[in-house]
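Notes follow once the structure below has been shown.
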Amino acid sequence: MRLNQKFYQKDAVQTAKDLLGKIIVRKYYGKTIKVKIVETEAYCGAEDKASHAYNNKKTKRTAPMFKEGGHSYIYLIYGMYYCFNVVTASENNPHAVLIRAVEPLTGIKQIKENRQIKSSRTEDLTNGPGKLSQALKINKSLDGCSLVENSSLYIIDGSAENFEINSSPRVNIDYAEEYKDKKWRFFIKNNKYISKS
DNA sequence: TTGTCGATTAGCT
DNA sequence: GCTAATCGACAAC
């Protein structure tokens, strides 16, 4: 079942943990790809120095972060990769969860078409934020859309499997001073699709 | 209008 | 471990 509005109305840290094990559904040209979320990072409100929305900085790029929980926030990084975030909490309270890695479930043929990599390892297809966006054909046209209403990108419940959640400091945010050591990166323990050990 | 640089990745040493 | 690739958002002028 699709996750409802209420699921996203929590702070980013709580939602980041709750999103582990959930399924992202991506549809285009009549094709469907499903992947399981195995790694996330929380970016938490105006106080978080690692966040693009630190100090309530609202710009053209960060505007979706100020929407109500349940919208997407997608931006271009390093001129070549997109990062996919899920906006959480309430309107004008800029929380977001970066999806860092997923495990392919269905549509692996489509994913391989989108990725075009030399490596034959399935693990290399989606084990990083830029990789999974490429794999799912996620781009600016989906920026700011509602994951509760949109029919080509949304998130559903996972299976009732049990797993253990690990946490660690977030990746590549050395500039964030006292916030860089916060353990706001969450991942499923022992899953081989996470981006780094 | 211009210059800087990033919540990354792949390929090479 | 190191670094090029490649773009638009952002801030300074």
Side-chain angles (χ1 to χ4, degrees), chain A residues 8 11-17 19-20 24 35 37-67 69 71-89 93-104 111-144 147 153 155 166-187 192-197:
Chain A
Y8 301 104
D11 68 82
V13 170
Q14 185 60 50
T15 313
K17 285 187 271 194
L19 276 172
L20 292 175
I24 299 176
V35 296
I37 299 173
V38 299
E39 180 180 341
T40 60
E41 277 181 7
Y43 289 84
C44 255
E47 295 77 37
D48 182 1
K49 291 185 180 174
S51 172
H52 291 163
Y54 171 58
N55 213 9
N56 274 321
K57 191 168 83 171
K58 189 173 184 178
T59 63
K60 191 174 180 182
R61 181 176 65 152
T62 65
M65 284 188 75
F66 290 81
K67 292 190 178 192
H71 288 84
S72 67
Y73 167 43
I74 296 161
Y75 65 92
L76 184 67
I77 187 68
Y78 298 106
M80 49 180 69
Y81 297 106
Y82 290 101
C83 286
F84 171 49
N85 296 248
V86 175
V87 176
T88 80
N93 190 7
H95 284 234
V97 176
L98 169 67
I99 310 299
R100 285 197 56 88
V102 299
E103 173 181 337
I111 290 176
K112 285 184 174 166
E113 255 174 42
N114 297 338
R115 288 277 292 136
Q116 299 286 349
I117 53 171
K118 288 181 180 173
S119 167
S120 57
R121 301 173 65 234
T122 313
E123 300 94 297
D124 290 332
L125 289 170
T126 55
N127 58 349
K131 298 181 190 180
L132 73 91
S133 298
Q134 202 175 63
L136 299 185
K137 271 197 188 303
I138 288 175
N139 55 52
K140 286 291 274 187
S141 71
L142 293 162
D143 185 31
L147 302 173
L153 179 66
I155 304 176
N166 268 17
S167 65
S168 77
R170 291 170 290 179
V171 176
N172 283 344
I173 51 147
D174 288 345
Y175 55 83
E177 300 175 27
E178 75 268 26
Y179 279 87
K180 80 179 162 67
D181 295 321
K182 299 264 183 208
K183 294 192 169 182
W184 286 347
R185 170 175 177 247
F186 304 98
F187 52 96
K192 63 178 180 176
Y193 293 91
I194 61 175
S195 63
K196 296 183 176 182
S197 55

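Every chain is numbered from 1 and lettered A, B, ... according to where its sequence line falls, protein lines coming before strand lines.
Ring geometry for Tyr179(A) versus Trp184(A): interplanar angle of 30 to 60°, hence tilted.
Residues Phe84(A) and Tyr82(A) keep their aromatic ring centres 6.0 Å or farther apart.
Counting distance only, with no hydrogens placed and no angle test, the side-chain atoms of Tyr75(A) and the base atoms of dA7(B) include a donor-acceptor pair under 3.5 Å.
Atom P of nucleotide dG1(C) and atom CG of Asn172(A) are separated by 14 Å, given to the nearest angstrom. In this structure, His95(A) places its NE2 atom 18 Å from P of dA7(B), rounding to the nearest Å. In this structure, Glu39(A) places its CD atom 13 Å from C1' of dT8(B), rounding to the nearest Å. Remark: C1' of dG11(B) and CE of Met80(A) are 13 Å apart, rounded to the nearest angstrom. Counting to the nearest Å, the P atom of dT9(B) and the CZ atom of Phe84(A) are 15 Å from each other. Protein atom OH of Tyr82(A) is 16 Å distant from nucleotide atom C1' of dA7(B), rounded to whole Å. For Lys58(A) and dA9(C), the NZ to P distance is 17 Å, given to the nearest whole Å. Separating the CD1 atom of Ile77(A) from the C1' atom of dT6(C) is a distance of 12 Å, rounded to the nearest angstrom.
Across dT6(C) and dT2(B), the matching P atoms stand 23 Å from one another, rounded to whole Å. Comparing the same atom, P, in dA11(C) and in dA7(B) gives a spacing of 13 Å after rounding to whole Å. Look at the P atom in both dC5(B) and dC13(C): the space between them is 14 Å, to the nearest Å.
The side-chain contact (heavy atoms from CB on, under 4.5 Å) test with Val102(A) is passed by exactly one of Asn127(A), Ile24(A), Thr40(A): Ile24(A). Just one of Ile138(A), Asp143(A), Asn139(A) meets the side-chain contact (heavy atoms from CB on, under 4.5 Å) condition when paired with Ser141(A); it is Asn139(A).
Mapping Tyr78(A) and Thr62(A) onto DNA chain C via the closest heavy atom, the residue that lands nearer the 5' end is Tyr78(A). Comparing Tyr175(A) and Arg115(A) against DNA chain B, the residue whose closest nucleotide sits nearer the 5' end is Tyr175(A).
Nucleotide dA7(B) forms no Watson-Crick or G-U wobble pair with any nucleotide shown, as no partner meets the under 3.5 Å limit on both distances. Across all strands shown, dT6(C) forms no Watson-Crick or G-U wobble pair with both key distances under 3.5 Å.
Nucleic acid contact class of Gly130(A) (heavy atoms, under 4.0 Å, all strands): sugar-phosphate only. Counting any heavy atom pair closer than 4.0 Å across all strands shown, Arg170(A) reaches no nucleic acid atom. Residue Lys57(A) is classed as a sugar-phosphate contact, given heavy-atom separations below 4.0 Å to backbone atoms only.
Nearest to the side chain of Tyr81(A), among dA7(B), dT9(B), dC10(C), sits dT9(B). Closest to the side chain of Thr59(A), from the set dT8(B), dC10(C), dA7(B), is dC10(C). Checking dC7(C), dG11(B), dA7(B) against the side-chain heavy atoms of Leu76(A) singles out dC7(C) as nearest.
Residue Arg100(A) has a polar side-chain atom (N or O) positioned under 4.0 Å from OP1 or OP2 of dT8(B). Between Lys140(A) and dC7(C) there is no side-chain N or O to OP1 or OP2 distance below 4.0 Å. Regarding contacts with the backbone of dG8(C), every side-chain N or O of Arg61(A) stays at 4.0 angstrom or more from both OP1 and OP2.
Looking at Glu177(A) and Lys49(A), a side-chain N of the basic residue comes within less than 4.0 Å of a carboxylate O on the acidic one, giving a salt bridge.
Between the Thr62(A) side chain and the Lys57(A) main chain, a donor and an acceptor come within less than 3.5 Å of each other.
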